Amino acid sequence: MNQIEPGVQYNYVYEDDEYMIQEEEWDRDLLLDPAWEKQQRKTFTAWCNSHLRKAGTQIENIEEDFRNGLKLMLLLEVISGERLPKPDRGKMRFHKIANVNKALDYIASKGVKLVSIGAEEIVDGNVKMTLGMIWTIILRFAIQDISVEETSAKEGLLLWCQRKTAPYRNVNIQNFHTSWKDGLGLCALIHRHRPDLIDYSKLNKDDPIGNINLAMEIAEKHLDIPKMLDAEDLVYTARPRVIMTYVCCHYHAFAGAQKAETAANRICKVLAVNQENERLMEEYERLASELLEWIQRTIPWLENRTPEKTMQAMQKKLEDFRDYRRKHKPPKVQEKCQLEINFNTLQTKLRISNRPAFMPSEGKMVSDIAGAWQRLEQAEKGYEEWLLNEIRRLERVEHLAEKFRQKASTHETWAYGKEQILLQKDYESASLTEVRALLRKHEAFESDLAAHQDRVEQIAAIAQELNELDYHDAVNINDRCQKICDQWDRLGTLTQKRREALERTEKLLETIDQLHLEFAKRAAPFNNWMEGAMEDLQDMFIVHSIEEIQSLITAHEQFKATLPEADGERQSILAIQNEVEKVIQSYSIRISSSNPYSTVTVDEIRSKWDVKQLVPIRDQSLQEELARQHANERLRRQFAAQANAIGPWIQNKMEEIARSSIQITGALEDQMNQLKQYEHNIINYKNNIDKLEGDHQLIQEALVFDNKHTNYTMEHIRVGWELLLTTIARTINEVETQILMRDAKGITQEQMNEFRASFNHFDRRKNGLMDHEDFRACLISMGYDLGEAEFARIMTLVDPNGQGTVTFQSFIDFMTRETADTDTAEQVIASFRILASDKPYILAEELRRELPPDQAQYCIKRMPAYSGPGSVPGALDYAAFSSALYGESDL
C-alpha cells in the first residue's frame, strides 16, 4: 500500500451534522443515552487532566471534582495563561457557588454565552450541566482559536485535517464522525508530522481497531496526548464532539512543528542563496587565477626580442605568433568577457539578496585583469612590429652578404698574383722597347687599379653596413674585408715603387710601339666596362612595388641601348691589334705579337664580350619579378576590398548595439531578443573575418608590407571584431541583469521603462553617464525631496569611487533598492529563534532535525560557538552567523 497519493484533491463540503451548528445551547437529549454520557465523561476527563497535569493535579470524577470550583478555576488558568480572582477557601456551599461563579464569569468575559448553566447545578454535581460546561470550555479555548485560510473554530479544524491528510490513500476527511472510524485519518495526521513514528505503508484499512489503538498509543507516548476514548467507541458510538476534542489535541501538538517548518524554509532559502553566491565567488577566483596565470606566461614570450640568425628561424617565430593570435588568444578573449559577465551577475545577485558586494582576492579584481590584458596587448603589438622589422632586416642582410661575397670573389680573382707581378725586376734585362712596354703596361695596371678603387670601397661599405645590421657571420666578413684592404694597400705601395723603377729605366729606352700603347689604353677601360656590365647583369635585386621593378627595367633598357656603341669600341680595339700584327708581319719584326703594355688580350676581350648572353637572362628575371609584383598588387586590392567592407560593417553594428541599449520602447525581453539576433548575425559574419585572415596570410607569405588601397590593417579588423564581440556580450549581460533585478525585486516593466526614460532624458551627452547635477535633477523630477545631506548619502551609493558620474547600472540599482523589499538579518535571526525554541543559541541536533542535511552542515560548520548567558556545551551563536550573512559583522 502506498502511503501517499500525490495530486489528491480535498474539498470543503461540510455535513449538516449537529457539531457544525453553533453550540451556545447544550443538547440535553443526547445525554439521555448512557453510552454517550460515558464517552463524554471519559473524553472530557482525559482532556481536563491533560491540562491539569501541568499544574501538578488531576480529577477522577468530573462531576464531583469540579463542585467546589477550585480545580475548575485552576483549569481555566492553565488553558488561558491568565490569573483568575482569588478563590474562596471555605467549604460551605456559598463558598463553592462563589468559586464556580468566578469561573463562569471568566468564561462569559471571553465572549461565551452560557445558556441554562448555573453555578448551583455545578455545585450540586449535575452531570449534564457539568459536561455541557466542559464542552463550552473546549469550544472556546481549544477549538475557537484554530484558524486555517480565513476559516476558524470547527470549520478551520476540519480544513486543517483535510489538508494534512489529503495526500494519503484511503483517507477522506469530510466530518468529525464517520470519516475517522477506520483509524487511518489519525495515523495519517501523525505520519504527516512525525513519519518516524508510524510506517503508514503497513496499515490495513480493514483493521480499524488496530489502526486506532496504534495511533492513540503513539499519541499518548510520544505526543503527550492522553487516550480520551476507546477504539471501539470511535468505531461504533463516538459522537462528533468527542472526536473533535481528541483531534484538536493533535492540532495543538503539531502547531509548533508547522511554525518550525516555516522558519526552516526561510533559513533554507537564505542559505541556498548564500551557498550559490559562494560557489560563484569560488568560480570567479578560479577563472581569474587561470586567466592571469596565462597572461603572466604569455607576456615574457611576447617581450622576448632575441633575434634569430636566419630568415627560416624568424619565419618560424612569425608562424608561432599567427597560431597564438588564431588559436590561443581567441578562447582567452571569451574567458575574459565571460569573467566580467560572471562578476557583474554575482554582484547583482548579492545586491538583490541584500548581501555585501563581492571583493575578489588581491590582484584578481576586474580592473587588475583589464590591466594585465592591456599589458598583454601592448607586448603583443610591439612583438608583431619587431618580427616584421627583423624579417626585413634579415632579408636586407642576406642580400648584402651575397652581394659582398660576389664582389669580394671578383676582386680576389682580379688581385690574384698582382703582388708577384709588381715585385718582378724584368726591366733590368729588357731592351728599351721592352722597358717602355713594361712602363706602359704598368700605366695600364695603374688605370686598372684605379678602376678597382670603387669596387674596394663598395666592399668596405657593404661590410660596414653588415656590421651595423648585426649580421651573424660578421666576423668572417670583417676578416675577409680586412684581407682585401690590406692587400689593396700593399698593391698601392708596390705600384708606386715599380713606377719609380720603370721611370728611371725609361730614360734609357726610346722606342715604343704606339699601337700597343693605344691598344693598352683603350683595352683596359673597355675590359673594366665589360667586367662592370657583367657584374651589373648578375647583380641581385630586391623590390617591393611595381614602380621599383619598372625603374630597374628602364635602367636595363638604357644599358641595352649602349651595346651598339660598345660593340663599335670593341671592333676598334680589335682593329688596333690587327694593325700591330700587320706591322710585325710587314716589317718582319722579331718580337712577340703580344702587347707588352697590356694584360688584356684580344681573346680575353672576345670571351668577355659574351656578356651579351646575360642580357636575355636579365630580361627574364626582371619580367618574372614584374609578374610577382603584379600578383602582390592583386593581393593588396583583394584584401583592401574586403577590409573596406568589413570595417564599416563592424562600426555600423557597434552603433546599432549602442542605439538598442538606450531605447525605452518595448519589454526587456524584446530588447534581449533583438540583441540575441544581433549576436546571431555577428557570429554568422565570422566567415568573412576568417576569409580576410586567409588573404592576410597570403600577403604576409608574399612579404607584402604595405597597402595603399585601404586604411584598414588586419590588426584594426581584429581589434574591432573583438570589441564588437565584447560589446554585444556586455550589452546582453546588462539586459539580463535588468531582467534579474526586475523579477527578483518585483519591479514592473513600466517601472523599468520609466527608469530608463528618466536616465536617457538627463543623459545630456548621450554617453550612458549622468554628472551629479543631472542626477540631482533626475531625482527631483521623480519626486524626491533632496537636502544636501540626503543627496550626499545617495551619491555614496551610486558613485562610491567618486568618479563624478552615475552609470545606468548604478541608477537602476538605486531605484530597485528604493522600490523593493528584501530579507534582512533580523528576519533570519527571528527564524533561527523559532527553531531554537526562543533560546539565544541553537544546537547542532536542532539544525539537523529542522534543515536539509547539506544546509544543516553548512550552518554547523560556519556558526561560531555561543558564549553568552545560559550557554551549554555545543551551543551555536545563530545571531552572529545571521549578521555575517548580510555583512553586518566581521565573522
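Here the structure is a predicted model, which means the values were calculated and not measured.
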Chemist: Side chains of Thr727 and Met654: does their closest heavy-atom pair fall under 4.5 Å?
Modeler: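 Heavy-atom side-chain distance check passes, below 4.5 Å.
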Chemist: Determine, stepwise, if the pair Thr710 / Arg636 fulfils side-chain contact (heavy atoms from CB on, under 4.5 Å).
Modeler: CA-CA 9 Å; Thr710 180; Arg636 289 187 182 97; over 6 Å; no
Chemist: Can you name the residues that form a side-chain contact (heavy atoms from CB on, under 4.5 Å) with Gln620, not counting sequence neighbours?
Modeler: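 Counting only residues at least two positions away or on another chain, Gln620 forms a side-chain contact (heavy atoms from CB on, under 4.5 Å) with Glu624.
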Chemist: Just to verify, what does Trp649 make a ring pair (Phe, Tyr, Trp, His ring centres under 6.0 Å) with, not counting sequence neighbours?
Modeler: Tyr685
Chemist: Does any non-hydrogen side-chain atom of Glu722 lie less than 4.5 Å from one of Lys336?
Modeler: no
Chemist: Check whether any side-chain heavy atom of Asp695 sits under 4.5 Å from a side-chain heavy atom of Leu635, and report yes or no.
Modeler: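 Asp695 vs Leu635: side chains apart.
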Chemist: Mind running side-chain contact (heavy atoms from CB on, under 4.5 Å) on Thr599 and Phe445 for me, showing each step along the way?
Modeler: CA-CA 8 Å; Thr599 60; Phe445 174 78; over 6 Å; no
Chemist: Please step through side chain to side chain donor-acceptor pair (under 3.5 Å) for the pair Gln374 and Gln378, ending with a clear verdict.
Modeler: CA-CA 6 Å; Gln374 184 178 7; Gln378 187 63 34; over 6 Å; no
Chemist: Is Gln487 close to Glu419 at the side-chain level, that is, under 4.5 Å between some pair of heavy atoms?
Modeler: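 In contact.
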Chemist: How far apart are the C-alpha atoms of Asp567 and Gln571, what are their side-chain angles, what is the distance that settles it, and do they pass the side chain to side chain donor-acceptor pair (under 3.5 Å) test?
Modeler: CA-CA 6 Å; Asp567 186 57; Gln571 292 178 3; 3.2 Å; yes
Chemist: Can you check side chain to side chain donor-acceptor pair (under 3.5 Å) on Gln482 and Asn478, steps first, answer last?
Modeler: CA-CA 6 Å; Gln482 188 62 44; Asn478 292 336; over 6 Å; no
Chemist: Assess whether side chain to side chain donor-acceptor pair (under 3.5 Å) is satisfied between Trp373 and Glu377, documenting all intermediate values.
Modeler: CA-CA 6 Å; Trp373 191 264; Glu377 293 188 332; 2.9 Å; yes
Chemist: Kindly determine whether Glu500 and Lys497 satisfy salt bridge (Lys or Arg N to Asp or Glu O under 4.0 Å), including the steps that lead there.
Modeler: CA-CA 5 Å; Glu500 291 173 357; Lys497 289 181 179 180; over 6 Å; no
Chemist: Is it the case that more than 12 heavy atoms not belonging to Asn711 sit under 6.0 Å from its CG atom?
Modeler: no
Chemist: Going through the checks in order, is the salt bridge (Lys or Arg N to Asp or Glu O under 4.0 Å) test met by Asp486 and Arg490?
Modeler: CA-CA 6 Å; Asp486 293 341; Arg490 291 195 302 272; 5.3 Å; no
Chemist: Just by distance, with hydrogens left out, do Tyr416 and Glu412 show a side-chain donor and acceptor under 3.5 Å apart?
Modeler: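 Side chains of Tyr416 and Glu412: no pair found under 3.5 Å.
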Chemist: Would you call Phe639 and Thr713 a side-chain contact if the rule is heavy atoms closer than 4.5 Å?
Modeler: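 With C-beta onward as the side chain, the pair stays apart.
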Chemist: Check whether any side-chain heavy atom of Asn688 lies under 4.5 Å from a side-chain heavy atom of Gln642, and answer yes or no.
Modeler: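 A side-chain contact is absent here, since even the closest heavy-atom pair is not under 4.5 Å.
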Chemist: Under the salt bridge (Lys or Arg N to Asp or Glu O under 4.0 Å) rule, what do Arg730 and Glu340 come out as? Steps first, then yes or no, please.
Modeler: CA-CA 8 Å; Arg730 286 176 177 168; Glu340 294 175 354; 2.6 Å; yes
Chemist: With respect to Trp488, which candidate in His452, His411, Glu457, Gln453 satisfies the side-chain hydrogen bond (donor to acceptor under 3.5 Å, both in side chains) definition?
Modeler: Gln453
Chemist: I'd like to know whether CD of Glu655 has more than 12 heavy-atom contacts from other residues, nucleotides or ligands below 6.0 angstrom.
Modeler: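 Buried by this count: over 12 neighbours within 6.0 Å.
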Chemist: Do the side chains of Arg480 and Arg405 get nearer than 4.5 Å, heavy atoms only?
Modeler: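 In contact.
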